[in-house]
Amino acid sequence: MTMAPNRSGGNREIVATLEEIAKLLEAEDANPFRVRAYRRAARVIDGLSESVRDMLARGADLTALPGIGADLAAKIREIAETGASRMLASLRGEVPGGVADLLQVPGLGPKRARLLQHDLGISGLSELVQAAREHRVRQLHGFGARSEQRILEAVQAHVERNRRFDLRIAGETAGTLLRHLHRGAANGAYTVAGSYRRCRDTVGDLDVLATARIPAAVIRAFTSYPDIDQVLSAGTTRASVVLRNGMQVDLRVVRPDSHGAALIYLTGSKAHNLALRLLARSNGLKLNEYGLFRGTTRLAGETEEAVYGALGLTWIPPELREDRGEIAAARRGELPMLVKTADLQGDLHVHSSASDGAADLRTMAREAARYGLHYLAITDHSPRVAVAHGLDAGRLRAQADEIDRVNAEGGGAVLLKGVEVDIGEDGSLDLPDDVLGRLDLVVGAIHSHFDLPADRQTVRILRALDHPHFTILAHPWGRLIGRRDICHFDLERVLRALAQRGSFIEANAQPNRLDLWDIGCQQAKAAGVLVSIASDAHGPADFGNLPLGVGQARRGWLGPSDVLNARPLAEVRTLLRRTM
DNA sequence: GCCGTTTTCGGCCCGACTGTTTTCAGTCG
């Protein structure tokens with residue numbers, strides 16, 4: 001499973017450096033536990049909700065972090081203070097450029113990559129392909145014609161498949177596959193586990209758990225799925241395939257009495273599982289995908305609750321299983337009560353057909369109510385977003401009158417008057433203050449100039465927040481998954497400013513945005529800024545995306561009290577007025 | 001490289017699958 005890039009604002013550079021060190025050490029065939037130590041440190045830094053620079057500034061001791069000792073603490077400090085690492089520089093000199101790329105090829109690990117480099121002088125993917133075509137690879141000890149062929153296929157596939165999918169595509173893909181499995185092996189029970197179950201913002205592959213008494217029937221049904229491009233492996237209890245859309249699916253079959261243990265194993269994360277197994281081991285027990293064992297005696301396995309319970313833990317929601325302190329919290333019985341979709345009372349970022357939405361106000365109000373929402377902020381675009389037919393002051397005034405009429409009719413969610421105002425390159429807003437002041441809320445967002453340097457981008461956003469009626473900063477990072485990378489700015493400074501002004505930040509629930517995502521939600525909570533989980537709906541069906549935003553909030557350990565729109569309308573009105 | 005009320009050295013999660021082997025190493029999740 002690969003890390004998504006750019007996950008945690010100020011610590012990105014440290015995480016990237018540590019991961020590159022790990023990769024180069026691995027290419028050198030260094031002690032695997034040493035490699036693991038760097039990877040673990042990268043993960044720990046990645047999961048921090050505070051920047052290392054700030055921690056050092058307040059005199060924090062980095063060795064207090066799990067898996068970080070004196071040596072790594074010094075290296076991390078060096079990166080934070082100088083922006084560079086002498087160790088990385090020297091490793092780059094030692095390892096021929098491109099050798100580390102060999103490790104990205106599925107089927108090539110450190111041992112065989114090193115052999116290719118040492119015996120054939122191969123130091124890159126193109127050289128690897130050439131050597132395989134000339135049948136020089138099969139001459140090496142431990143390689144054969146079959147592995148030579150697989151290497152060629154893998155390099156090809158690697159180029160095409162090295163991507164992650166958004167949750168809508170993952171969900172649709174999983175749904176179609178599960179319907180096929182039910183038809184082919186109807187007596188099995190199926191669960192999509194992995195990062196999809198943990199509500200990661202994107203997924204690299206699908207992990208499916210099947211519980212069945214006759215595993216062979218399930219494997220047969222799985223590998224005969226028509227949408228398969230390639231079967232990577234198929235044994236008696238597990239199989240891996242690549243689908244035509246490029247997504248890899250791993251299926252695991254266990255008997256019903258192992259369902260809980262297997263579900264934990266397959267849900268991950270890897271780091272969480274590792275920590276659980278260490279905990280088991282420290283109690284003289286063994287945890288695997290079949291259960292929790294003392295010697296050969298199974299103590300638990302049928303349900304997740306039983307396995308966690310036998311380890312002295314309360315059940316841990318999948319969204320928290322990242323080894324970011326959830327195990328210690330579960331041991332103390334202090335896991336937070338996480339926000340649920342049912343907690344959402346309203347939605348504070350929605351479009352109508354007045355701009356680029358698909359439905360009129362009445363339809364949106366009615367459908368929102370059907371979805372269980374009590375209030376809905378209509379926030380169409382401002383004039384500068386011309387492709388979306390942005391509203392000027394006159395049309396906004398007319399819309400306000402229409403909202404009054406719809407609210408008077410009743411029968412749907414209460415509509416609030418808002419706008420999604422564009423933030424200009426200089427931090428100005430696209431509508432005058434007096435127009436914005438007549439609204440219930442002002443959602444501000446960036447729609448252009450995503451590539452400003454971080455300091456200018458930060459100043460731009462801070463200026464926008466300074467407008468007297470600014471309420472909610474929407475989809476702050478501006479990313480579109482798979483299409484547009486995040487813009488760079490200092491989230492911590494922005495959060496401090498939002499907290500001072502009594503303003504809010506959005507966790508946008510569109511599957512191709514999910515922005516903020518988990519760490520950002522956690523940082524908002526730490527800064528004391530309430531999060532608005534918003535559908536950004538452009539039609540009634542988009543309310544169905546709200547659970548995806550809730551997933552990010554849950555991954556950020558947010559409870560109902562941390563979420564602006566988990567509060568009743570009267571309270572939200574009071575909070576909104578405070579910013580006006 | 002980290003870590004320790006059994007340990008400051010010698011461990012470091014655990015099992016499935018593949019290919020090249022004749023009992024297993026390498027890789028993956």
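In what follows, every heavy atom counts, from backbone to side chain, and hydrogens, waters and symmetry copies are set aside. Chain letters run A, B, ... following the sequence lines, proteins first and then strands; every chain starts at 1.
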The residue among A:R200, A:K270, A:R198 that forms side-chain hydrogen bond (donor to acceptor under 3.5 Å, both in side chains) with A:E322 is A:R198
Run the numbers on A:R324 and A:D46 for salt bridge (charged side-chain N to carboxylate O under 4.0 Å, His left out), then give the verdict.
CA-CA 10 Å; A:R324 291 178 187 159; A:D46 193 34; 5.1 Å; no
Nearest of B:dC2, B:dC13, B:dA16 to any side-chain atom of A:D71?
B:dC2
Which nucleotide, B:dG29, B:dA16, B:dC14, lies nearest any side-chain atom of A:R281?
B:dC14
Suppose you measure atom P in B:dC17 against the same atom in B:dT21; what distance do you get, rounded to whole Å?
22 Å
For the side chain of A:K111, starting at C-beta, report the closest nucleotide among B:dT18, B:dG1, B:dT27.
B:dT27
Minimum-distance nucleotide (side-chain atoms of A:D207 versus B:dA16, B:dC2, B:dG29):
B:dG29
Regarding the side chain of A:S233, the nearest nucleotide among B:dT18, B:dC12, B:dT27 is B:dT18
Between A:R36 and A:A145, which has a closest nucleotide on DNA chain B that is more 5'?
A:R36
Quick note, A:A37 side chain, CB onward, closest among B:dG15, B:dT20, B:dG1 is B:dG1
Under 3.5 Å, is there an N or O donor on one side and an acceptor on the other linking the side chain of A:N273 and the base of B:dG29?
no
Nearest to the side chain of A:R146, heavy atoms from C-beta on, is which of B:dC17, B:dG29, B:dT20?
B:dT20
With respect to the side chain of A:T237, which nucleotide from B:dC2, B:dC13, B:dA16 is positioned closest?
B:dA16
Please determine if a side-chain N or O atom of A:R34 lies less than 4.0 Å away from the OP1 or OP2 oxygen of B:dG1.
yes
Side-chain donor-acceptor contacts of residues 26-36 of chain A below 3.5 Å, not counting sequence neighbours, with atom names and distances?
unit_1 : atom_1 : unit_2 : atom_2 : d
A:E26  : OE1    : A:R39  : NH2    : 3.1
A:N31  : OD1    : A:F33  : N      : 2.9

So, does A:S147 get its side chain near the phosphate of B:dT20, meaning an N or O under 4.0 Å from OP1 or OP2?
yes
Between B:dC12, B:dG19, B:dA16, which one does the side chain of A:N31 approach most closely?
B:dC12
Among the candidates B:dG26, B:dC17, B:dT21, find the nucleotide nearest to the side-chain atoms of A:H141.
B:dT21
